[in-house]
Number of protein chains: 4
Amino acid sequence: MDEFIARGFAATRLDDIARRAGVAKGTIYLHFKDKESMFEELIRTAIVPFVSRLTTPPAPGGSVRDMVEALAKMFLQEVAGTRRADLVRLIIAEGPRFPAIADFYYREVVSRGLAAMRALIQLAITRGEIREPNLVAYPQLMIAPMMVAVLWKSLFERHAPLDAEAMLQTHLDLIFGARRPQ
Amino acid sequence: MDEFIARGFAATRLDDIARRAGVAKGTIYLHFKDKESMFEELIRTAIVPFVSRLTTPPAPGGSVRDMVEALAKMFLQEVAGTRRADLVRLIIAEGPRFPAIADFYYREVVSRGLAAMRALIQLAITRGEIREPNLVAYPQLMIAPMMVAVLWKSLFERHAPLDAEAMLQTHLDLIFGARRPQ
Amino acid sequence: MDEFIARGFAATRLDDIARRAGVAKGTIYLHFKDKESMFEELIRTAIVPFVSRLTTPPAPGGSVRDMVEALAKMFLQEVAGTRRADLVRLIIAEGPRFPAIADFYYREVVSRGLAAMRALIQLAITRGEIREPNLVAYPQLMIAPMMVAVLWKSLFERHAPLDAEAMLQTHLDLIFGARRPQ
Amino acid sequence: MDEFIARGFAATRLDDIARRAGVAKGTIYLHFKDKESMFEELIRTAIVPFVSRLTTPPAPGGSVRDMVEALAKMFLQEVAGTRRADLVRLIIAEGPRFPAIADFYYREVVSRGLAAMRALIQLAITRGEIREPNLVAYPQLMIAPMMVAVLWKSLFERHAPLDAEAMLQTHLDLIFGARRPQ
DNA sequence: GATGAATGAGGCTTCATTCAT
DNA sequence: CATGAATGAAGCCTCATTCAT
């Protein structure tokens, strides 16, 4: 994974993968059909453990805003600025050339994440925490700033550092209403 | 550009570029030092004409919301779902391996686009169109849904079509307040 | 070696080397970093076994002239008119473009050969076999005719055959005095 | 010539030649059939003006030794340590691959030079300046130290500087007898 | 005559894949 | 199962040569 993340699919050498894995090059072919299927399987394997994190419903105690905030902070801490941010970049980069991966990613991560988010938005609307009813149709709006933060860290952090958590607060204020209007 | 967009830097063959350009392979080297600098120059060339579009201030007549909306619609129409969306994907994908490109893109597009957006946000706050004062610190929040729309079109449109303009309206409602709450 | 000798460094094709070696082209790169280092290593390898021959002191029995003569004849037989003569030509030809080779050749062959020759000249002067004392400063003078013979065989033999051994006798007569002036 | 001398035939680029000549690449083909024939003609052209120098009989006034010495010094000054030394090296290097050049060089330079030298040796023997009668059969022996000096300057001067003129004196002492035995 | 942009064959090198051990 | 030497297809790049202007 680290090799593919660092160089992309085409520029990654099986030699380097084998060396880092501590096995001989031939050994790879005992486990994978070829480079492509290895790439696809590795991406899948890397995503799976993260899926359960995303779909575990947050502690249902407090406000929906608190739940969304907890989810978003977890996402930022576990993804933005880590190797996983580059995994997101890798999927964006290679997705069109590996439809199987884009499909898998949509099915396992995107659609589930959006469904969970949509449920939270619905709940917030019901409770009156969110006033914009159309938001339920576009849960992407809730997630967009996190995506941008992840890509920003990966591409532009050295040009202009971004305080992702502060941005998140402003974002939540926009959606849930400012916390301390007074 | 089309070749690089379709396959990424490493997987693109100069043979194909030459064939599509209708020249012999050697001819490429009369114009570019090597594959890398060709890639960088092509990206630059593809971006430049778009920069002026982004930085041209919108007709200052009506409300700020109208100006932002006009800008955003233009962006969606000219980028999302077109080849330019793939150019954005390409920059995200290859940025880390071509710092010169990431630098150029940040300098020419990102920082300028954000500055223009920040000015509009400031104006809207002054006029009372936007109530959230912190937004001026995070113009990325204004742009994030457009980025997500662009990537969505490129990666997941076939799984679940996205009505980007409708999403944009909801986004603007969140920021400027719903148009017709009544 | 044969390929490099026949065509020089630049004009030699790795294809031909591989074919002659009975391996695939890629196999070469398991043993050598690139064409240049292969050339350098091959030259080194070809020279090494000859160095010991040169520095083995001749049987110390008879006169110094006999020792020098034995050495020179060995040199002529083993080099002039053989592939090794072309190796000398190759080093002369490519030396300036491969300083590493010129350095190695000077260190391993030239300086050692001259040192050995200087010792013999010194001995001969001590014993009174050679009357010209300055010769010890220019052992190159002792060796020059052999060098010329080697190059002659390689370049002009077909224009005018050279009896190198007879020329050697005349040379030795000049230095040690004619054998049978009477 | 300078380009061929600096890199050898195969590694020299017509681009560089044209640039240095101040003409366009195509212009070369108005004067030469191809790279090979250009090389051959250039070598010929470079040699010709030197031939007359070599064959001009030295001032016949003094001793033969003085005449040989004048000739040899001229050769050393005009060749050793100059670009012409590299021309000699070039001919040695490319001779076998360009028989036409080797032929020309033998006919115009080597055979004439040796003939001139042979005549001088014959004269010296007649006059009693040289006692070794066989030398007339091997004029190469007279010239060998100069060849070695030329190659030495080109290849090993930086390892061990050679005082070619002092070496020449010792060489002449060997052949003509030491100047001041007392 | 002169130009130099264009050509494309050919060279060096890389690397995914195989297979005898 | 594991190895890693060997393969050879394929890619990047160079450069002698051509030819329309």
Side-chain angles (χ1 to χ4, degrees), chain A residues 3-4 7-40, chain B residues 3-4 7-19 21-39, chain C residues 3-4 7-19 21-39, chain D residues 3-4 7-40:
Chain A
E3 292 291 329
F4 280 128
R7 299 197 226 306
F9 174 76
T12 293
R13 290 182 293 263
L14 290 190
D15 247 333
D16 292 340
I17 290 176
R19 181 166 30 253
R20 185 188 285 235
V23 300
K25 235 190 316 181
T27 308
I28 290 174
Y29 287 85
L30 300 175
H31 299 276
F32 301 98
K33 181 177 153 292
D34 56 14
K35 195 187 176 187
E36 281 202 20
S37 64
M38 173 167 49
F39 179 64
E40 297 187 358
Chain B
E3 292 289 330
F4 280 128
R7 305 203 207 326
F9 174 77
T12 293
R13 290 181 296 260
L14 289 187
D15 251 338
D16 292 341
I17 290 176
R19 180 164 30 252
V23 300
K25 240 186 315 177
T27 308
I28 290 174
Y29 290 86
L30 300 177
H31 300 277
F32 303 98
K33 187 180 149 290
D34 56 13
K35 194 185 175 189
E36 278 201 24
S37 65
M38 173 167 47
F39 179 64
Chain C
E3 291 291 330
F4 280 128
R7 303 205 206 329
F9 174 78
T12 292
R13 288 182 297 260
L14 289 186
D15 251 337
D16 292 340
I17 291 176
R19 182 165 27 255
V23 298
K25 242 187 311 177
T27 307
I28 291 173
Y29 290 85
L30 299 176
H31 300 277
F32 303 98
K33 183 180 152 291
D34 56 15
K35 195 184 174 189
E36 279 201 22
S37 65
M38 173 166 50
F39 181 64
Chain D
E3 293 291 331
F4 280 128
R7 300 196 224 307
F9 173 77
T12 292
R13 287 183 294 263
L14 290 190
D15 248 333
D16 292 340
I17 290 176
R19 180 166 29 254
R20 185 189 286 236
V23 300
K25 235 189 316 179
T27 309
I28 290 174
Y29 287 86
L30 301 175
H31 299 277
F32 302 98
K33 182 176 153 290
D34 56 14
K35 194 184 175 190
E36 281 201 20
S37 65
M38 173 168 47
F39 180 64
E40 296 186 358

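Predicted model only: the values in this text are computed from it and were never measured. A note on names: the letters A, B, ... follow the listed sequences, proteins ahead of strands, and every chain is numbered from 1.
The nearest whole Å value for the distance from the CG atom in Leu14(D) to the C1' atom in dT14(F) is 12 Å. Distance, Ile28(B) CD1 to dC12(F) P: 9 Å, rounded to whole Å.
Between Phe4(B) and Phe9(B), the two ring planes are parallel [angle under 30°; tilted spans 30° to 60°].
Here the rule is side chain to side chain contact (heavy atoms under 4.5 Å, CB included) with Leu14(B), and of Glu3(B), Arg19(B), Met38(B) only Met38(B) fits it.
Bracketed by its first and final contacts, the part of DNA chain E lying under 4.0 Å from non-hydrogen atoms of chain B reaches from dA5(E) to dG10(E) in 5' to 3' order.
One finds the CZ atom of Arg13(D) at 10.5 Å from the NZ atom of Lys25(D) (value rounded to the nearest 0.5 Å). In this structure, the separation between CG on Asp15(D) and CD1 on Ile28(D) is 8.5 Å, given to the nearest 0.5 Å.
Of the candidates dT7(F), dA16(F), dA2(F), dA2(F) carries the atom nearest the Thr27(A) side chain, counting heavy atoms from C-beta on.
Comparing Tyr29(D) and Gly26(C) against DNA chain F, the residue whose closest nucleotide sits nearer the 5' end is Gly26(C). Position along DNA chain F of the nearest nucleotide to Asp34(B) versus Gly22(C) favours Gly22(C) as the more 5'-ward residue.
Scanning all heavy atoms of the two residues, the minimum distance from Ala10(C) to Ala10(D) falls at CB-CB, 3.6 Å.
In this structure, Asp34(D) contributes its side chain and Ser37(D) its backbone to a donor-acceptor pair below 3.5 Å.
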(request) Taking Watson-Crick and G-U wobble pairs with both distances under 3.5 Å, convert DNA chain E into its dot-bracket string, 5' to 3', dots for unpaired and | for cross-strand pairs. (result) .||||||||||||||||||||
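Between Lys25(C) and dG8(F) there is no side-chain N or O to OP1 or OP2 distance below 4.0 Å.
Across all strands shown, Leu30(B) has heavy atoms under 4.0 Å from base atoms, whether or not it also approaches the sugar-phosphate.
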